[in-house]
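Let me begin by presenting the structure, written as structure tokens, before commenting on it.
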Amino acid sequence: MECTSSVYLPTFHMGSSIFLWLFLIFSVIFSPVSAKHSVTWTYGVNYGRIADNLPQPESVVTLLKAAKINHIRIYDADHGVLQALKGSGIEIIIGLPNEYLKEISIGEDRAMNWVQENVQAFLPDTRIRGIAVGNEILGGTTIELWEVLLPAAKNVYSALYRLGLQHTVEVSSPHSEAVFANSFPPSACIFRPDVAPFMKPLLEFFSQTGSPFYINAYPFLAYKNDPQHIDINYALFKDNRGIYDAKTKLHYDNMFEAQVDAAYAALDKAGFSKMQVIVSETGWASRGDPDEAGANVKNARTYNRNLRKLLAKKKGTPFRPKMVIKAYVFALFNENLKPGPTSERNFGLFKPDGSIAYDVGFTGLVPSAAPPSILVSFKEIAGQSWLRWSYLLVSTAWAVVLL
């Protein structure tokens, strides 16, 4: 709130001073996580839920706030999650699942119903800041979805516009590395010839609406597929010789930034040099099948810890030094029901009991070594947190009175 010189500031006596101090203390202690919409954020987490052993959404919010994670993505618009996030201050991107794209692409009325039920109904208390329309559509095997992606995105945006929410909630669509024909060196990256006819009009639309380009970038997958030719240290942000891009004369000492700059190079060639790239997924598996090279706890800890350090610097990439890197880590929890290789079920930063899966600088709600018999529930911890703050408030109040 702005203050002007015309505002009258009365002189407070002892009694009113006490209440003023109590008000200020109360505001700081009990205010939700501060809004990040006006502050440059860099670190977010994907909250996937393909599992049967995860805590309730209310407990997850307690965990997120304890870990000071203020930005998350989910892959649907689950009302239980959106309700739990109410008043938390945590900003969220929700997902319009792939299976809804055809229906939403047919007409604006269906998109309007979806937006009203899953977005408008929860604003402003739940800070929905984006809608990811589909996930990894272009470059995928379901070609019919390529054709309906843009119409679906346009209808969702139209619904937001008609509701006056177009400046509050952005529309986007995350892509996999499969949309690129090649990505090495970064400056050589281009979109696949079969993808380009669908990608360019989509980018034109997102350019008009001011949306960024979301890419799922996984050095883990690149290393797993070619461990003989990729230096593990290069993939893990550790000391290594790196690579040199002769065209741009830029040096890369980690694969993550090279992947981001490859996306920038592809956008540049397609005519969208001003579009920002945001990493919608990245992470490292802590466990895998025997043929999944590099999937272990040590590498997962190293990758995620070093990634967090990189993002905390709030800097750009070698090719786009003024574009601050932003990324959503995959994932909050291991998801024990996900199909596919073992690695798919082992990307989590936290265990379902609230303890850390491995140390990347976060504090879990319970000690990671605690046996199940003595684990305190999420709700009990949240209650204890309230009691501690209440005690602090009362103590502070008495201290002010005694002064």
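All of these numbers come straight from a predicted model, not from anything done at the bench.
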Subject >> Ring-face cation contact, Tyr264 with Arg320, 6.0 Å cut, 45° max >> reply: yes
**OP:** Establish, for the pair Arg73 and Tyr75, whether the NZ or CZ atom is under 6.0 angstrom from the six-membered ring centre and no further than 45 degrees off its axis.
**Re:**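 Checked: cation-pi criterion met.
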Donor-acceptor under 3.5 Å ([X] side chain, [Y] main chain):
| X | Y | result |
| --- | --- | --- |
| Asp226 | Ala222 | no |
| Glu136 | His175 | no |
| Thr42 | Ile325 | no |
| Lys314 | Thr40 | yes |
| Thr126 | Leu123 | no |
| Asp261 | Pro186 | no |
| Gln120 | Leu163 | no |
| Asn155 | Ala111 | no |
| His251 | Arg241 | yes |
| Glu117 | Trp114 | no |

Subject >> side-chain contact (heavy atoms from CB on, under 4.5 Å) between Tyr223 and Asn225, intermediate numbers included >> reply: CA-CA 5 Å; Tyr223 177 77; Asn225 293 332; over 6 Å; no
Original post:
Which heavy atom of Ala152 sits nearest a heavy atom of Ser105, and at what distance?
Top reply: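 Where Ala152 meets Ser105 most closely, the heavy atoms are N-CB, 3.8 Å.
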Subject >> Phe347 and Phe220: CA distance, side-chain angles, deciding distance, ring-ring contact (aromatic ring centres under 6.0 Å, His included) verdict >> reply: CA-CA 11 Å; Phe347 276 89; Phe220 165 70; 5.8 Å; yes
SB check [X] [Y] (cutoff 4.0 Å):
| X | Y | answer |
| --- | --- | --- |
| Asp231 | Lys238 | no |
| Asp194 | Arg192 | yes |
| Asp359 | Arg305 | yes |

Original post:
Passes side chain to side chain donor-acceptor pair (under 3.5 Å), Glu257 versus Thr317? Steps please.
Top reply: CA-CA 6 Å; Glu257 288 184 311; Thr317 63; over 6 Å; no
Subject >> Rounded distance (nearest 0.5 Å) linking atom CE of Met199 with atom CZ of Phe191 >> reply: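 With rounding to 0.5 Å, CE (Met199) is 4.5 Å from CZ (Phe191).
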Original post:
In terms of ring plane angle, is the pair Phe333 and Tyr47 parallel, tilted or perpendicular, where the classes change at 30° and 60°?
Top reply: perpendicular
Have [X] and [Y] got a donor and an acceptor in their side chains that come within less than 3.5 Å?
| X | Y | answer |
| --- | --- | --- |
| Asn118 | His79 | yes |
| Glu108 | Ser158 | yes |
| Arg345 | Asn336 | no |
| Asn70 | Tyr43 | no |
| Tyr157 | Gln166 | no |
| Thr282 | Tyr303 | yes |

**OP:** Test Val329 against every option in Asn304, Val279, Val360, Ile69 by the side-chain contact (heavy atoms from CB on, under 4.5 Å) rule and name the one that passes.
**Re:**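 Option passing the side-chain contact (heavy atoms from CB on, under 4.5 Å) with Val329: Asn304.
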Original post:
Pick one: which of Asn135, Asn216, Asn46 meets side-chain hydrogen bond (donor to acceptor under 3.5 Å, both in side chains) with Ser280?
Top reply: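 When Asn135, Asn216, Asn46 are each tested with Ser280, the side-chain hydrogen bond (donor to acceptor under 3.5 Å, both in side chains) holds only for Asn216.
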**OP:** Could you please spell out the steps behind the side chain to side chain donor-acceptor pair (under 3.5 Å) verdict for Glu281 and Tyr218?
**Re:** CA-CA 8 Å; Glu281 287 183 21; Tyr218 284 93; 2.6 Å; yes
Original post:
When the ring centroid of Phe330 is compared with that of Trp284, is the distance short of 6.0 Å?
Top reply: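 That pair fails the under 6.0 Å test.
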Subject >> Heavy-atom check, side chain of Ser286 versus side chain of Tyr358, under 4.5 Å >> reply: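 They are in side-chain contact.
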Subject >> Pair Lys249-Tyr244, side-chain contact (heavy atoms from CB on, under 4.5 Å): steps then yes or no >> reply: CA-CA 7 Å; Lys249 296 181 172 56; Tyr244 178 72; 3.3 Å; yes
**OP:** Would you check, one step at a time, whether the test side-chain contact (heavy atoms from CB on, under 4.5 Å) holds for Glu344 with Glu335?
**Re:** CA-CA 8 Å; Glu344 285 291 326; Glu335 298 175 77; over 6 Å; no
Original post:
Please walk me through it: do Phe350 and Phe362 pass ring-ring contact (aromatic ring centres under 6.0 Å, His included)?
Top reply: CA-CA 9 Å; Phe350 292 92; Phe362 289 126; 5.8 Å; yes
Original post:
Checking side-chain contact (heavy atoms from CB on, under 4.5 Å) for the pair Phe198/Leu150: CA distance, chi angles, key distance, verdict?
Top reply: CA-CA 8 Å; Phe198 297 91; Leu150 180 56; over 6 Å; no
